[in-house]
Engineer: 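Below is the structure I would like to discuss, written out as structure tokens.
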Amino acid sequence: MMNRLHGIIFSYLSNPDLRELTQNRNTCSIPYGGRYRVIDFMLSSMVNAGISDVGMIVHANYQSLLDHVGSGKDWDLSRKHGGLRILPPFGYAGKHENGYRGRMDALAGVRSYLQYIRQDYVVLAGGDVAVNLPLRDIFEAHIRNDADITAVCTTHPMGDPKGSDYFSIGTGGRITDVSVHPSIAQGCESLEVYVLSKDLLLSLVDHCAAHNIPSFSVGVLQAMSGQLKICPYIYDGYAARLQSVAGYFARSMELLDPAVRADLFAPERPIRTKDRSDPSTYYGPNSKSVHSLVADGCIIEGEVENSILFRGVRVEKGARVSNCVLMQGTSIQAGAVLKYAITDKNVRVNPGRMLMGHSTYPLAIAKNEIV
Amino acid sequence: MLLAGGQGSRLHALTSHVAKPAVPFGGKYRIIDFPLSNCINSGIDTVGVLTQYRPLELNAYIGNGEPWDLDRSYGGVHILPPYMREGEKGTWYKGTANAIYQNINFLETYDPEYVLILSGDHIYKMDYTELLRRHKEAQAACTIAVLEVPMSEASRFGIMNVDENDDIYEFEEKPKKPKSNLASMGIYIFTWSKLRKYLEADEADEKSANDFGKNIIPAMLSNGEKMTAYRFHGYWKDVGTIDSLWDANMDMLAPENGIDLYDTEWPIYARTPIRPPHFMGPEARVEHAMVTSGCEVYGSVENSVLFHSVIVEEGAVVRYSILMPGTVVRKGAVVEYAIVAENSVIGESARVGSSPDGTEDWGIAVVAQNLNIGSGAVVPPKAMVTRNVKGGGAK
């Protein structure tokens, strides 16, 4: 049945509040969870639901994303027919130079791709949310409810209201109103994942293009909640939206909670990522490592506490790391001390340096920097 | 041509379900990853893997060869089991030489000038291009990689006696009075046209054991073929016994003594399952140990190798042990000097193995895969457990 569903991931989304972390990439390819990129979660959710064709809409700053997903083979999406398709803007000149103004704008930019989708239904999702969604269930609910659009939302608001949408759910179990980027949270927070038929999608894209409506939330959900049957699907499992540096840090630290990991890394829906052939992680004599999530390929000879370590991190003797996120290839040299810091890929902290941020203002160190 | 058909009977609790080359090793790997990675790192992109004993898991593991970059449109990795031929002909592989003999057709497809013969039970990193260079420079019919071993241990190996040019004039299998300390590593390069002749002659000889060491090498020597030794310097270990398998795993913890698995110049590749990073609990204590993705450690681990998805519960102690994928060590259990195979569960407060006590009865304890060791049960050192053990101190 799932080969009736096609995946579209908005993979151009980026948030300027992520500062250093989005210097060389967009939000979708931010490293998250010790060995993943944010987009791995949505891509894996789709693959785990049996979706075989996925289009990734990109716009700018996507070199890092392309490098990560490659041909899609780590997600079993390197196929003769269908599989992964990267969709940069095409089919027009000049327009959208400053990026897509919204999802309908982006869909209009890849209109010619949409029309050749082999499946009857499409799931639209952002690549900037780390969530392990049961898309098979969501699709079944869509069919069962005979909905025009199914919109996934959570009763546990967790995003910044100014960057989120909220649904009011009426007595008939339909979404009756949508608040787009309000100042305070109200109702169920949208995870911005929608299921609809390919035919409806195409007509909505054409309608919005003709009326110069860039936003799906405003132009479709809000404007058409009266005429379309828009049903909510409530998913209360863990979802992380990465909207700022402090938010990124908080969402990372939540991974130390076993219940969060049980949601995000549900064994029956494994999160796939690019394979790197690292050896196991080695812990040296007299090293200490507690309450931390550690990926493969690390060599830890110092002390690590309340931290997330990505692949290939080195923590040398006498170094002390607490409440930190150390991305791939970070090297903390002898005797250095780090607290409340986020080091991007291949950062080197020289011997004896001391770096301290705070939980509300973690120190972020950009890719390849040497401290 | 990688000989991977061995049963590994001395590892029997670990090889009851898989061929020896598929036995997990070094936290992330299986034994066969070492020769396969050596091949691709040496630029060899056509590899035949000869299988016979319990091949299913090994076949699935190798698959299309993608983890080793051996998924090629020409060449790549080929699984080569014995097969039937017209006229009801065809047998199991009778010996190492016969295994190659039965695949002469496969080799001819690729029309090689040289053939490299490897075995699937050795842990080492070797650049085979150096071996080939030696073979070409010496214009040899056969070049054998040799390791200088302590003279006192030479009688345990196949020993090559060489002249001043390192050309081999004599081969002695486990000599009582060794004349040299150059041990054969079971790694050969042959000029294919020569090897083919000897394989055919060997096959015609009904008395032959069809083995490289016993038959082909001596036959070539006695015919005066040019045979030369290639001296290998570096780590090499045959992991055919429980003790050597345990030792070699421990060697991986100390890169200066063994192989540096973290050296990105000569990576060892593996097919790895999809698992999240490992988690260290608030009270975890881990020292001088390897831990792999999917593990959760709440207890204490030292001098040990943990493969993926191992769980060590609170108060459990793991020392000098090898825990293969999916092993669970329940609260308060103690595992020392032991190898626990895949998905076995060590019950609460059970004891597996013990520290060396100098007696003859001491040895590494082994628990085979998918077993349950009951709460409070005791598995003595040197035991090889192949059935569930009930709780409460039963042996």
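In the text below, chain A, chain B and the rest are named by the order of the sequence lines, each starting its count at 1.
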Engineer: Name the region of A:Phe265, side chain, backbone, both or neither, that has any atom closer than 4.5 Å to a heavy atom of chain B.
Structural biologist: side chain

Engineer: Determine the option with the most heavy-atom pairs under 4.5 angstrom with chain B, choosing from A:Pro267, A:Pro279, A:Gly34.
Structural biologist: A:Pro279

Engineer: Just verifying a value: how many Å separate B:Ile274 CD1 and A:Asn48 CG, rounded to the nearest 0.5 Å?
Structural biologist: 7.5 Å

Engineer: Where does B:Glu302 contact chain A at under 4.5 Å (heavy atoms): side chain, backbone, both or neither?
Structural biologist: neither

Engineer: For the side-chain contact (heavy atoms from CB on, under 4.5 Å) test, which of A:Thr281, A:Leu293, A:Leu255 pairs with B:Pro277?
Structural biologist: A:Leu293

Engineer: Looking at CD of A:Glu301 and CD of B:Glu287, how far apart are the two atoms once the value is rounded to the nearest 0.5 Å?
Structural biologist: 12.0 Å

Engineer: Kindly indicate whether the side chain of B:Phe279, heavy atoms from C-beta on, has any atom under 4.5 Å from the side chain of A:His291.
Structural biologist: yes

Engineer: Can you tell which part of A:Arg261 gets under 4.5 Å to a heavy atom of chain B, answering side chain, backbone, both or neither?
Structural biologist: side chain

Engineer: Is the shortest side-chain heavy-atom distance between B:Glu283 and A:Val290 below 4.5 Å?
Structural biologist: no

Engineer: Could you tell me which portion of A:Ile300 (side chain, backbone, both or neither) has an atom closer than 4.5 angstrom to a non-hydrogen atom of chain B?
Structural biologist: neither

Engineer: Can you confirm whether A:Lys339 is buried at NZ, in the sense that more than 12 heavy atoms of other residues, nucleotides or ligands lie under 6.0 Å from that atom?
Structural biologist: no

Engineer: Measure the spacing between CZ of A:Arg276 and OG1 of B:Thr272 and express it to the nearest 0.5 Å.
Structural biologist: 11.5 Å

Engineer: So which part of B:Ser293 gets closer than 4.5 Å to some heavy atom of chain A, the side chain, the backbone, both or neither?
Structural biologist: both

Engineer: Crowded around A:Arg272 CZ? As in, over 12 foreign heavy atoms under 6.0 Å?
Structural biologist: yes

Engineer: Heavy-atom distance under 4.5 Å to chain A: side chain of B:Tyr298, backbone, both or neither?
Structural biologist: side chain

Engineer: Looking at B:Lys28, B:Arg275, B:His308, B:His278, which hits side chain to side chain donor-acceptor pair (under 3.5 Å) with A:Asp296?
Structural biologist: B:Lys28

Engineer: Please say which of B:Leu253, B:Val286, B:Val291 ends up in a side-chain contact (heavy atoms from CB on, under 4.5 Å) with A:Tyr282.
Structural biologist: B:Leu253

Engineer: For chain B, find which of A:Ser292, A:Ala295, A:Ser277, A:Pro285 contributes the most heavy-atom pairs closer than 4.5 angstrom.
Structural biologist: A:Ser292

Engineer: Mark yes when over 12 heavy atoms from residues, nucleotides or ligands other than A:Glu268 sit less than 6.0 Å from its CD; otherwise mark no.
Structural biologist: yes

Engineer: Name the option with the most non-hydrogen atom pairs under 4.5 Å to chain B; the candidates are A:Ile271, A:Asp275, A:Asn286.
Structural biologist: A:Asn286

Engineer: Select one option (side chain, backbone, both, neither) describing which atoms of A:Arg314 are under 4.5 Å from chain B's heavy atoms.
Structural biologist: side chain

Engineer: State the OG1-CG distance between B:Thr264 and A:Asp278, to the nearest 0.5 angstrom.
Structural biologist: 10.5 Å

Engineer: Which heavy atom in B:Tyr262 sits nearest to a heavy atom in A:Ile299, and how many Å separate them?
Structural biologist: CG-CD1, 3.8 Å

Engineer: Can you confirm whether B:Pro276 sits close enough to A:Tyr36 that some side-chain heavy atom of one is under 4.5 Å from a side-chain heavy atom of the other?
Structural biologist: yes

